[in-house]
Amino acid sequence: MDSSNYVSLSLASTLWRSLDISANNMANANTAGFKAERSLTESYNSKGNAGPEDDVSYVLDKGSYLDDRQGSLTKTSNPLDVALNGDGWLAYTTPEGQTAFGRDGRLTVDPQGNLVTLTGNKVLDRGGAPIAIPPGEKITISRDGTISGPNSGTIGTLGMFTVPDIQSFNRLGGGLFAAPGGAPAFTPSDTTQVAQGFVEESNVQPVVEMTRMMDIQRSYERAVKLMDEQNTLRQETLRRLGKV
(Lines give C-alpha, C1' and ligand atoms only; values in the text may rest on other atoms or scores of the structure.)
Protein backbone atom coordinates (compact mmCIF):
# COMPACT_ATOMS: atom_id res chain seq x y z
CA MET A 1 0.00 0.00 0.00
CA ASP A 2 1.55 3.33 -1.03
CA SER A 3 1.50 6.55 0.97
CA SER A 4 -1.61 7.88 -0.82
CA ASN A 5 -3.62 4.99 0.58
CA TYR A 6 -2.22 5.58 4.05
CA VAL A 7 -3.22 9.24 3.82
CA SER A 8 -6.78 8.27 2.83
CA LEU A 9 -6.89 5.64 5.56
CA SER A 10 -5.75 8.11 8.24
CA LEU A 11 -8.47 10.52 7.12
CA ALA A 12 -11.18 7.85 6.96
CA SER A 13 -10.42 6.42 10.42
CA THR A 14 -10.42 9.90 11.95
CA LEU A 15 -13.70 10.80 10.26
CA TRP A 16 -15.29 7.57 11.42
CA ARG A 17 -14.55 8.45 15.03
CA SER A 18 -15.82 12.00 14.47
CA LEU A 19 -19.04 10.55 13.12
CA ASP A 20 -19.47 8.43 16.26
CA ILE A 21 -18.94 11.49 18.45
CA SER A 22 -21.39 13.58 16.46
CA ALA A 23 -23.99 10.79 16.52
CA ASN A 24 -23.69 10.60 20.33
CA ASN A 25 -24.18 14.36 20.53
CA MET A 26 -27.33 14.06 18.45
CA ALA A 27 -28.61 11.25 20.68
CA ASN A 28 -28.23 13.56 23.69
CA ALA A 29 -29.68 16.70 22.12
CA ASN A 30 -32.61 16.43 24.54
CA THR A 31 -30.60 15.39 27.61
CA ALA A 32 -30.79 18.14 30.24
CA GLY A 33 -27.41 19.70 30.98
CA PHE A 34 -25.58 17.61 28.39
CA LYS A 35 -22.34 19.09 27.05
CA ALA A 36 -21.32 18.19 23.51
CA GLU A 37 -18.08 16.39 22.70
CA ARG A 38 -15.89 17.59 19.84
CA SER A 39 -13.24 15.64 17.98
CA LEU A 40 -9.73 17.00 17.81
CA THR A 41 -7.54 16.31 14.78
CA GLU A 42 -4.13 17.46 13.65
CA SER A 43 -2.07 17.29 10.49
CA TYR A 44 1.18 15.33 10.66
CA ASN A 45 3.77 16.05 8.00
CA SER A 46 6.13 13.18 7.16
CA LYS A 47 9.36 14.28 5.49
CA GLY A 48 10.16 12.51 2.24
CA ASN A 49 13.59 11.40 1.04
CA ALA A 50 13.45 13.40 -2.19
CA GLY A 51 12.85 16.85 -0.75
CA PRO A 52 9.75 18.88 0.14
CA GLU A 53 7.84 17.63 -2.92
CA ASP A 54 8.07 14.13 -1.44
CA ASP A 55 6.55 15.15 1.94
CA VAL A 56 3.31 13.42 2.92
CA SER A 57 0.67 14.91 5.22
CA TYR A 58 -1.40 12.53 7.36
CA VAL A 59 -4.43 13.16 9.60
CA LEU A 60 -3.94 12.37 13.28
CA ASP A 61 -6.74 11.65 15.73
CA LYS A 62 -5.82 13.70 18.80
CA GLY A 63 -8.85 12.63 20.87
CA SER A 64 -11.74 14.86 21.82
CA TYR A 65 -12.65 17.73 24.08
CA LEU A 66 -15.67 18.92 26.01
CA ASP A 67 -17.71 21.81 24.62
CA ASP A 68 -18.61 23.39 27.96
CA ARG A 69 -20.66 26.29 26.65
CA GLN A 70 -23.80 27.15 28.59
CA GLY A 71 -27.02 25.54 27.40
CA SER A 72 -30.23 27.54 27.11
CA LEU A 73 -32.58 27.70 30.11
CA THR A 74 -36.19 26.54 29.86
CA LYS A 75 -38.73 27.61 32.43
CA THR A 76 -40.68 24.75 33.99
CA SER A 77 -41.95 26.44 37.19
CA ASN A 78 -41.24 23.15 38.98
CA PRO A 79 -39.64 24.12 42.33
CA LEU A 80 -37.46 21.00 42.17
CA ASP A 81 -35.96 21.97 38.81
CA VAL A 82 -32.75 23.99 38.97
CA ALA A 83 -30.45 25.32 36.26
CA LEU A 84 -26.94 26.67 36.76
CA ASN A 85 -25.76 30.00 35.41
CA GLY A 86 -21.98 29.97 35.24
CA ASP A 87 -19.20 27.44 34.91
CA GLY A 88 -19.88 25.46 38.09
CA TRP A 89 -21.03 21.84 38.21
CA LEU A 90 -23.49 19.94 40.36
CA ALA A 91 -22.07 16.96 42.21
CA TYR A 92 -23.82 13.64 42.72
CA THR A 93 -23.30 10.24 44.26
CA THR A 94 -24.38 7.64 41.74
CA PRO A 95 -26.29 4.48 42.81
CA GLU A 96 -22.92 2.69 42.46
CA GLY A 97 -21.38 5.02 45.05
CA GLN A 98 -19.26 6.99 42.59
CA THR A 99 -18.91 10.78 42.77
CA ALA A 100 -19.88 12.38 39.49
CA PHE A 101 -20.36 15.87 38.12
CA GLY A 102 -23.00 17.15 35.73
CA ARG A 103 -25.47 19.91 35.00
CA ASP A 104 -28.73 17.97 35.10
CA GLY A 105 -30.90 19.88 37.57
CA ARG A 106 -34.15 17.95 37.17
CA LEU A 107 -34.53 16.91 40.81
CA THR A 108 -36.94 15.01 42.99
CA VAL A 109 -37.05 13.56 46.50
CA ASP A 110 -36.59 9.80 46.91
CA PRO A 111 -38.52 7.66 49.44
CA GLN A 112 -35.70 8.16 51.98
CA GLY A 113 -36.03 11.93 51.75
CA ASN A 114 -32.82 12.54 49.76
CA LEU A 115 -32.67 15.13 47.01
CA VAL A 116 -31.88 13.13 43.86
CA THR A 117 -31.93 13.48 40.10
CA LEU A 118 -34.65 11.82 38.07
CA THR A 119 -32.15 9.04 37.34
CA GLY A 120 -31.52 8.38 41.04
CA ASN A 121 -28.21 10.17 41.66
CA LYS A 122 -28.01 11.81 45.10
CA VAL A 123 -27.36 15.53 44.87
CA LEU A 124 -24.54 16.75 47.10
CA ASP A 125 -24.37 19.89 49.18
CA ARG A 126 -21.54 22.42 49.41
CA GLY A 127 -19.67 20.12 51.79
CA GLY A 128 -20.05 17.06 49.56
CA ALA A 129 -22.82 15.32 51.58
CA PRO A 130 -26.30 14.20 50.42
CA ILE A 131 -29.15 16.65 51.03
CA ALA A 132 -32.12 15.47 53.12
CA ILE A 133 -35.44 17.23 52.59
CA PRO A 134 -37.91 17.14 55.51
CA PRO A 135 -41.15 15.29 54.61
CA GLY A 136 -43.77 17.47 52.97
CA GLU A 137 -41.55 20.56 52.91
CA LYS A 138 -42.01 22.95 49.99
CA ILE A 139 -38.50 24.12 49.36
CA THR A 140 -37.14 27.34 47.97
CA ILE A 141 -33.66 27.48 46.43
CA SER A 142 -32.01 30.89 46.28
CA ARG A 143 -29.46 32.03 43.70
CA ASP A 144 -26.55 31.09 45.94
CA GLY A 145 -27.95 27.56 46.35
CA THR A 146 -29.42 27.96 49.85
CA ILE A 147 -32.30 25.52 50.29
CA SER A 148 -34.98 26.54 52.74
CA GLY A 149 -38.57 25.77 53.61
CA PRO A 150 -41.37 27.58 55.45
CA ASN A 151 -41.41 24.99 58.23
CA SER A 152 -37.73 24.07 58.49
CA GLY A 153 -35.91 27.30 57.73
CA THR A 154 -32.51 26.72 56.13
CA ILE A 155 -32.13 23.07 55.12
CA GLY A 156 -28.78 23.13 53.33
CA THR A 157 -26.87 24.54 50.42
CA LEU A 158 -26.85 23.06 46.96
CA GLY A 159 -23.29 22.23 45.95
CA MET A 160 -21.93 24.07 42.91
CA PHE A 161 -18.31 23.27 42.22
CA THR A 162 -15.41 24.48 40.17
CA VAL A 163 -13.89 21.38 38.63
CA PRO A 164 -10.29 21.84 37.45
CA ASP A 165 -9.31 20.06 34.25
CA ILE A 166 -12.80 18.75 33.52
CA GLN A 167 -11.48 17.90 30.03
CA SER A 168 -9.58 14.97 31.53
CA PHE A 169 -12.63 13.49 33.27
CA ASN A 170 -14.26 10.24 32.18
CA ARG A 171 -17.72 10.35 30.62
CA LEU A 172 -20.17 8.09 32.44
CA GLY A 173 -23.11 8.69 30.10
CA GLY A 174 -26.17 10.85 30.66
CA GLY A 175 -24.01 13.98 30.84
CA LEU A 176 -22.05 12.81 33.92
CA PHE A 177 -18.29 12.95 34.44
CA ALA A 178 -16.07 11.13 36.92
CA ALA A 179 -12.63 12.26 38.03
CA PRO A 180 -9.65 10.20 36.88
CA GLY A 181 -7.05 9.14 39.42
CA GLY A 182 -4.91 11.99 40.63
CA ALA A 183 -7.35 14.70 39.50
CA PRO A 184 -7.10 18.05 41.32
CA ALA A 185 -9.57 18.60 44.16
CA PHE A 186 -12.82 20.39 43.29
CA THR A 187 -13.87 23.47 45.22
CA PRO A 188 -17.18 25.33 45.70
CA SER A 189 -17.90 27.87 42.99
CA ASP A 190 -18.81 31.33 44.27
CA THR A 191 -19.63 32.75 40.85
CA THR A 192 -22.22 30.21 39.67
CA GLN A 193 -25.87 30.98 40.38
CA VAL A 194 -28.97 28.83 40.62
CA ALA A 195 -32.19 29.49 38.72
CA GLN A 196 -35.03 27.62 40.44
CA GLY A 197 -37.90 26.50 38.24
CA PHE A 198 -35.65 26.24 35.17
CA VAL A 199 -33.81 23.44 33.38
CA GLU A 200 -30.60 23.86 31.43
CA GLU A 201 -30.99 22.25 28.04
CA SER A 202 -28.28 20.36 26.18
CA ASN A 203 -25.86 22.70 24.40
CA VAL A 204 -26.17 20.54 21.27
CA GLN A 205 -27.84 22.43 18.43
CA PRO A 206 -29.59 19.67 16.44
CA VAL A 207 -29.60 21.47 13.09
CA VAL A 208 -25.93 22.40 13.36
CA GLU A 209 -25.01 18.91 14.57
CA MET A 210 -26.96 17.26 11.74
CA THR A 211 -25.17 19.46 9.21
CA ARG A 212 -21.85 18.51 10.80
CA MET A 213 -22.72 14.82 10.57
CA MET A 214 -23.60 15.15 6.88
CA ASP A 215 -20.32 16.94 6.16
CA ILE A 216 -18.35 14.25 7.98
CA GLN A 217 -20.18 11.49 6.15
CA ARG A 218 -19.53 13.08 2.75
CA SER A 219 -15.83 13.50 3.58
CA TYR A 220 -15.64 9.88 4.74
CA GLU A 221 -17.25 8.67 1.52
CA ARG A 222 -14.75 10.70 -0.52
CA ALA A 223 -11.83 9.19 1.42
CA VAL A 224 -13.12 5.65 0.86
CA LYS A 225 -13.78 6.35 -2.82
CA LEU A 226 -10.23 7.64 -3.22
CA MET A 227 -8.85 4.42 -1.72
CA ASP A 228 -11.05 2.35 -4.05
CA GLU A 229 -9.85 4.32 -7.08
CA GLN A 230 -6.22 3.90 -6.06
CA ASN A 231 -6.67 0.16 -5.61
CA THR A 232 -8.40 -0.12 -8.98
CA LEU A 233 -5.58 1.83 -10.64
CA ARG A 234 -3.00 -0.42 -9.00
CA GLN A 235 -4.79 -3.58 -10.15
CA GLU A 236 -5.06 -2.24 -13.70
CA THR A 237 -1.36 -1.40 -13.71
CA LEU A 238 -0.45 -4.90 -12.59
CA ARG A 239 -2.79 -6.41 -15.19
CA ARG A 240 -1.14 -4.46 -17.99
CA LEU A 241 2.35 -5.25 -16.74
CA GLY A 242 1.40 -8.92 -16.79
CA LYS A 243 0.72 -8.69 -20.51
CA VAL A 244 4.11 -7.23 -21.32
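Values in this document were obtained by computation on a predicted structure and should not be read as measured data.
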Between the side chains of T140 and S148, does any donor sit under 3.5 Å from an acceptor? no

If we only count heavy atoms from C-beta on, is the T154 to I147 side-chain gap below 4.5 Å? no

Joint hydrophobic cluster, I21 plus M26, side-chain heavy atoms closer than 4.5 Å: no

Side chains of S219 and R222: is there a donor and an acceptor less than 3.5 Å apart? yes

Are the ring centres of F169 and F177 closer than 6.0 Å? no

Residue pairs passing the ring pair (Phe, Tyr, Trp, His ring centres under 6.0 Å) test with at least one member in residues 189-217, sequence neighbours excluded, are none

For a 4.5 angstrom cut-off between non-hydrogen side-chain atoms, does L107 reach T117? yes

Answer yes or no: is there an ion pair linking E221 with K225, defined by an N-O contact shorter than 4.0 Å? no

Check whether any side-chain heavy atom of V116 sits under 4.5 Å from a side-chain heavy atom of N121, and report yes or no. no

4.5 Å side-chain heavy-atom contact, N85 and Q70: yes

Output, in order, the C-alpha distance, side-chain angles, deciding distance and verdict of side chain to side chain contact (heavy atoms under 4.5 Å, CB included) for I166 and W89. CA-CA 10 Å; I166 188 72; W89 295 80; 3.9 Å; yes

Nearest heavy-atom neighbours spanning L84 and L73: O-CD2, 4.4 Å

I'd like to know if D144 and R126 make a salt bridge, using a cut-off of under 4.0 Å between side-chain N and carboxylate O. no

Verify same cluster id: F34, V82 (apolar side-chain graph, 4.5 Å): no

Between L90 and D104, does a side chain to side chain contact (heavy atoms under 4.5 Å, CB included) hold up when you go through it step by step? CA-CA 8 Å; L90 296 171; D104 184 0; 6.0 Å; no

Pair T76-D81, side-chain donor/acceptor within less than 3.5 Å: yes

Do L60 and V7 share a hydrophobic cluster, counting only Ile, Leu, Val, Met, Phe, Trp and Tyr and linking them when any side-chain heavy atoms are less than 4.5 Å apart? yes

Salt-bridged, E209 to R212, with N to O below 4.0 Å? yes

Nearest heavy-atom pair of S64 and E37: which atoms, and what distance? OG-OE2, 2.5 Å

Take a 6.0 Å sphere around CZ of R143 and say whether it holds more than 12 heavy atoms from other residues, nucleotides or ligands. no

I'd like to know whether CD of Q193 has more than 12 heavy-atom contacts from other residues, nucleotides or ligands below 6.0 angstrom. yes

Is the Y92 to F101 ring centre distance short of 6.0 Å? no

Looking only at heavy atoms, what is the nearest atom pair of A12 and M227, with distance? CB-CE, 4.2 Å

Show, in sequence, the C-alpha distance, side-chain angles and deciding distance for T191 and D87, and conclude whether the side chain to side chain contact (heavy atoms under 4.5 Å, CB included) test is met. CA-CA 8 Å; T191 57; D87 58 4; 4.0 Å; yes

Answer whether the closest heavy-atom distance between the side chains of T162 and P188 falls below 4.5 Å. no

Given L158 and D125, is the side chain to side chain contact (heavy atoms under 4.5 Å, CB included) satisfied, shown in steps? CA-CA 5 Å; L158 189 68; D125 66 12; over 6 Å; no

Quick one: do D20 and R17 make a salt bridge, cutoff under 4.0 Å? no

For S22 and N25, does a side-chain donor sit closer than 3.5 Å to a side-chain acceptor? no

Greater than 12 external heavy atoms within 6.0 Å of D67's CG: yes

Expected output: side-chain T192 to main-chain G88 donor-acceptor under 3.5 Å: yes

Is any side-chain heavy atom of L124 closer than 4.5 Å to one of I131? no

Would E200 and S72 count as a side-chain hydrogen bond (donor to acceptor under 3.5 Å, both in side chains) if you check the C-alpha gap in whole Å, the side-chain angles of each, and the deciding distance to 0.1 Å? CA-CA 6 Å; E200 181 183 359; S72 61; over 6 Å; no

Taking all atoms of both residues into account, what is the closest heavy-atom pair of V59 and S10, and its distance? N-OG, 3.2 Å

